[in-house]
Amino acid sequence: QALAQSLPGPAREAGAAAMALEQRVRRKKGVDPLSVSTAMCRSLTPTASSGPSLAGLAQQYLPEHLGSLLRRKVDFVEIEGERPISAISADWSWQHVKSDGYMCPSAAVVFDPENPYGRRTWGADASGSIVVAIRGRKSFGAVVRNAERSGAVGLVLVNNTDVWNENFEMCLDSLGFAGLYLTPPKVPAVLVPKSARQLFTGGRPGLRARLVRR
């Protein structure tokens, strides 16, 4: 809130509009747990009629060292022995990007068939690993918090439909805008296409990966 108040008028007004939208969506009865994040993300996407995105406003008004982190780049999952997989970003992951672009070190990839959607915390093998969950049963925020509590260094969500929209961005179902949250997750996350599901959930032994932004 203090940061929002310090921003110039246009960015402050955009942030207030996004928060109002979130509250409006959350009040709807029977709302899908993913719809709040989806609505928030759509509110950040520039269109011909809506004008500049909140991320664009943040880049314009925030200090250079922070604004540079918000500029549009592409996240990848780099898997040892495989071609990098282009992924959709989580709007909170910018804080984990190191100077070399890496968001987490190379780590074992863990998928638990007993916890395929990340609806609860993972087991002991998740500590220091990149955990995998299939999108669709819990909000992005709930899954990443479970990954965080499990001691994971990264989260890979696998899309649950064939539809793929590169302009989408994962958001938390909590107050915030342009990737700025009061208590952001300590774990970076990416969303990969459904076509990568077998690779990440097929139980391939010795699978290792790291998350990177280029």
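- Counting heavy atoms from C-beta on, the side chains of Ile134 and Arg197 come closer than 4.5 Å.
- Here the shortest heavy-atom pairing between Val187 and Trp92 reads O-NE1, 2.9 Å.
- For Val153, the side-chain contact (heavy atoms from CB on, under 4.5 Å) partners two or more places apart in sequence, or in a different chain, are Cys104, Ala107, Ile130.
- Interatomic distance, Thr183 OG1 to Leu172 CG, rounded to the nearest 0.5 Å: 8.0 Å.
- Checked by atom type, the side-chain pair Asp75/Ser89 shows a donor-acceptor distance below 3.5 Å.
- Note that the CZ atom of Arg210 and the CZ atom of Phe76 stand 13.5 Å from one another [nearest 0.5 Å].
- Contact between Ala196 and Ile85 at its shortest, heavy atoms only, is CB-CD1, 4.2 Å.
- Taking the charged nitrogens against the carboxylate oxygens, Glu114 and Arg120 have no contact shorter than 4.0 Å, which rules out a salt bridge.
- Residue Leu211 holds its CG atom at 11.0 Å from OH of Tyr102, rounded to the nearest 0.5 Å.
- The line from CZ of Arg214 to CG of Asp100 is 7.0 Å long, rounded to the nearest 0.5 Å.
- Annotation for Val190 and Val77: closest pair CG2-CG2, 3.6 Å, computed over non-hydrogen atoms.
- Side chain of Gln95 to backbone of Pro185: a donor-acceptor contact under 3.5 angstrom is found.
- Shown here are the side-chain contact (heavy atoms from CB on, under 4.5 Å) partners of Glu80, two or more places apart in sequence or in another chain: Ser106, Arg208.
- Taking both residues in full, the closest heavy atoms of Ser86 and Pro193 are given as O-CD, 3.8 Å, listed atom of the first, atom of the second, then distance.
- Looking at Asp112, its side chain never comes within 3.5 Å of a backbone N or O of Pro116 through a donor-acceptor pair.
- Nearest heavy atoms, Phe140 versus Leu157: CD2-CD1, 3.7 Å.
- A distance-only check finds a donor-acceptor pair linking the side chain of Ser93 to the backbone of Ala189 [under 3.5 Å].
- Pairing each heavy atom of Tyr181 with each of Pro184, the nearest pair is O-CD, 3.3 Å.
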